[in-house]
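If you read the sequence from its start, that first residue is 1, and numbering goes on from there.
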Amino acid sequence: MLVRGPLPATTLPRTASPLRLTAAHAHDLPGHSPLAADPDLRAFTADLARPYGVELDEEALAGARGHSYDTLAERAIRALTDPARPVDLLVLVYATPDVRPGQAVALRLAESCPGEPLSFAICDEGAGAAFSALLIADAYARTAGARRALLIAVEQADLHHRPHRPARLPDRHSAAALLWEADGGGRALRGTASRSDVSDSQVDYVLRELCTELPEDALLLLGPGLTGARPPGGRETRTARPGNPYTGSWAALAAALADPGCADRPLALADREPETGRIDLAHWAAAEPTP
């Protein structure tokens, strides 16, 4: 299933999500996929671009540049899952097109993921897509009994057509994934919040507003879309690497989860999609011990 467009601004119910963030993984993938050299990529891209008067990027096509989301995501699946812990829900999020645009990657990944989970792909939300995925996973946990969910964000650095206006492109091929489970310790998702159409001049004010309910000791992670934002009220922050506009936030979260110094601290993550002005924030409780 493909979900397009922004979801309504919302927050989680006051009761914590049944799912707990138990593991995360992030990686870069050097080189390019053999699929980037497939002559069908040119034909397919040309057919999609022609009605809109968009030119092909001949340099990217001639150089066979780009990577497969299938390959990027499969590495994350292998890192976070095993047959003894089947996944009920898989949500794939992306912004730049796949090097194999005709493939329903989320469905293909469901076949190789333990449990053969129900799968979704979310695009056309930019940096906000992964936050929408959090809401989807929470809803399935509350209403459909999903006990294990996998969120995978992917981005590849090459676009095979010329965008009709300036667009953020990654500087490398990357993936970041989060595993959510109903049992086994981890971090409870305490809430999410979203604001739309935030102008550049409003960013600091809105970010400060969104952070008012965070615990004082929460570590705030700022995504690539908030580079240059002023941290609210002296709060400790860490900034994601700007070269990964769609996976950088979640890679920063994975790094914080792996940091022993953050185990006893709540975590919060905020990011902004400059294209739409949408700012999202999610926050988690301190880590709970595994039973």
Side-chain angles (χ1 to χ4, degrees), residues 1-7 26-77 90-110 119-133 151-177 223-225 243-251 271 273-276 278:
M1 179 178 180
L2 184 66
V3 181
R4 291 184 179 273
L7 296 177
H27 67 263
D28 301 328
L29 199 57
H32 302 284
S33 170
L35 291 169
D38 188 335
D40 286 345
L41 177 60
R42 170 186 288 276
F44 195 97
T45 306
D47 287 345
L48 292 177
R50 190 176 300 111
Y52 304 97
V54 175
E55 297 180 357
L56 299 183
D57 188 326
E58 297 293 349
E59 184 179 344
L61 288 165
R65 302 200 314 250
H67 228 300
S68 161
Y69 287 159
D70 196 344
T71 303
L72 279 163
E74 275 199 333
R75 286 197 174 198
I77 290 174
L90 185 153
V91 187
L92 180 76
V93 299
Y94 64 94
T96 51
D98 192 359
V99 76
R100 180 183 273 179
Q103 177 178 266
V105 182
L107 299 181
R108 226 281 317 149
L109 292 172
S119 61
F120 294 86
I122 305 178
C123 68
D124 291 350
E125 291 191 41
F131 291 91
S132 294
L151 185 162
I152 309 176
V154 289
E155 58 186 351
Q156 60 114 354
D158 295 286
L159 195 62
H160 299 100
H161 65 273
R162 303 284 186 184
H164 65 281
R165 60 173 178 255
R168 296 193 300 168
L169 287 178
D171 61 10
R172 65 186 69 188
H173 315 306
S174 302
N244 288 115
Y246 309 111
T247 66
S249 297
W250 308 96
D271 204 356
E273 175 49 55
E275 182 82 7
T276 61
R278 171 179 166 179

Partner residues of D271 under the side-chain hydrogen bond (donor to acceptor under 3.5 Å, both in side chains) criterion, sequence neighbours left out = S249
N/O donor-acceptor pair under 3.5 Å between Q156 side chain and P97 backbone = yes
Can you name the closest pair of heavy atoms from S174 and D28 and give their distance?
-> OG-OD1, 2.7 Å
Flag, side chain of H160 to backbone of A46, donor-acceptor distance under 3.5 Å | no
Mind checking the CG-CG spacing from D40 to L35? Nearest 0.5 Å is all I need.
-> 10.5 Å
Close side-chain approach of H32 to D158, heavy-atom, < 4.5 Å = yes
In terms of side-chain geometry, is the basic nitrogen of R100 or D70 positioned less than 4.0 Å from the acidic oxygen of its partner?
-> no
Check A130 against L151 and note the closest heavy-atom contact, atom names and distance.
-> O-CD1, 3.6 Å
If every non-hydrogen atom of N244 is compared with every non-hydrogen atom of P224, which pair is closest and at what distance?
-> O-CG, 3.3 Å
May I ask you to check whether over 12 heavy atoms, not counting those of E58, lie within 6.0 Å of atom CD?
-> yes
Heavy-atom pair with the smallest gap, counting every atom of A36 and L41 | O-CD2, 3.9 Å
Partners meeting ring pair (Phe, Tyr, Trp, His ring centres under 6.0 Å) with H27 (sequence neighbours left out) | H25
Is E273 reaching over with its side chain to a backbone N or O of G128, donor-acceptor style, under 3.5 angstrom?
-> no
Ionic contact status for E155 with R168, cut-off 4.0 Å = no
Please collect all ring-ring contact (aromatic ring centres under 6.0 Å, His included) contacts where either partner lies in residues 39-67, sequence neighbours excluded, each pair once.
-> H67-H173
All heavy atoms of L159 vs all of P163, minimum pair found to be CD2-CD, 3.8 Å
So, does S119 use its side chain to make a donor-acceptor pair with the main chain of A106 at under 3.5 Å?
-> yes
Could you tell me whether the side chains of Y69 and T96 share a donor-acceptor contact shorter than 3.5 Å?
-> yes
R162 bridged to E59 by N-O distance under 4.0 Å = no
Short N-O contact, E125 and R278, less than 4.0 angstrom = yes
So how far is it from L90 CG to L109 CG, rounded to the nearest 0.5 Å?
-> 6.0 Å
To the nearest 0.5 angstrom, please state how far the SG atom of C123 sits from the CG atom of D98.
-> 11.5 Å
Note: A76 and I152 closest approach over all heavy atoms is CB-CG2, 4.4 Å
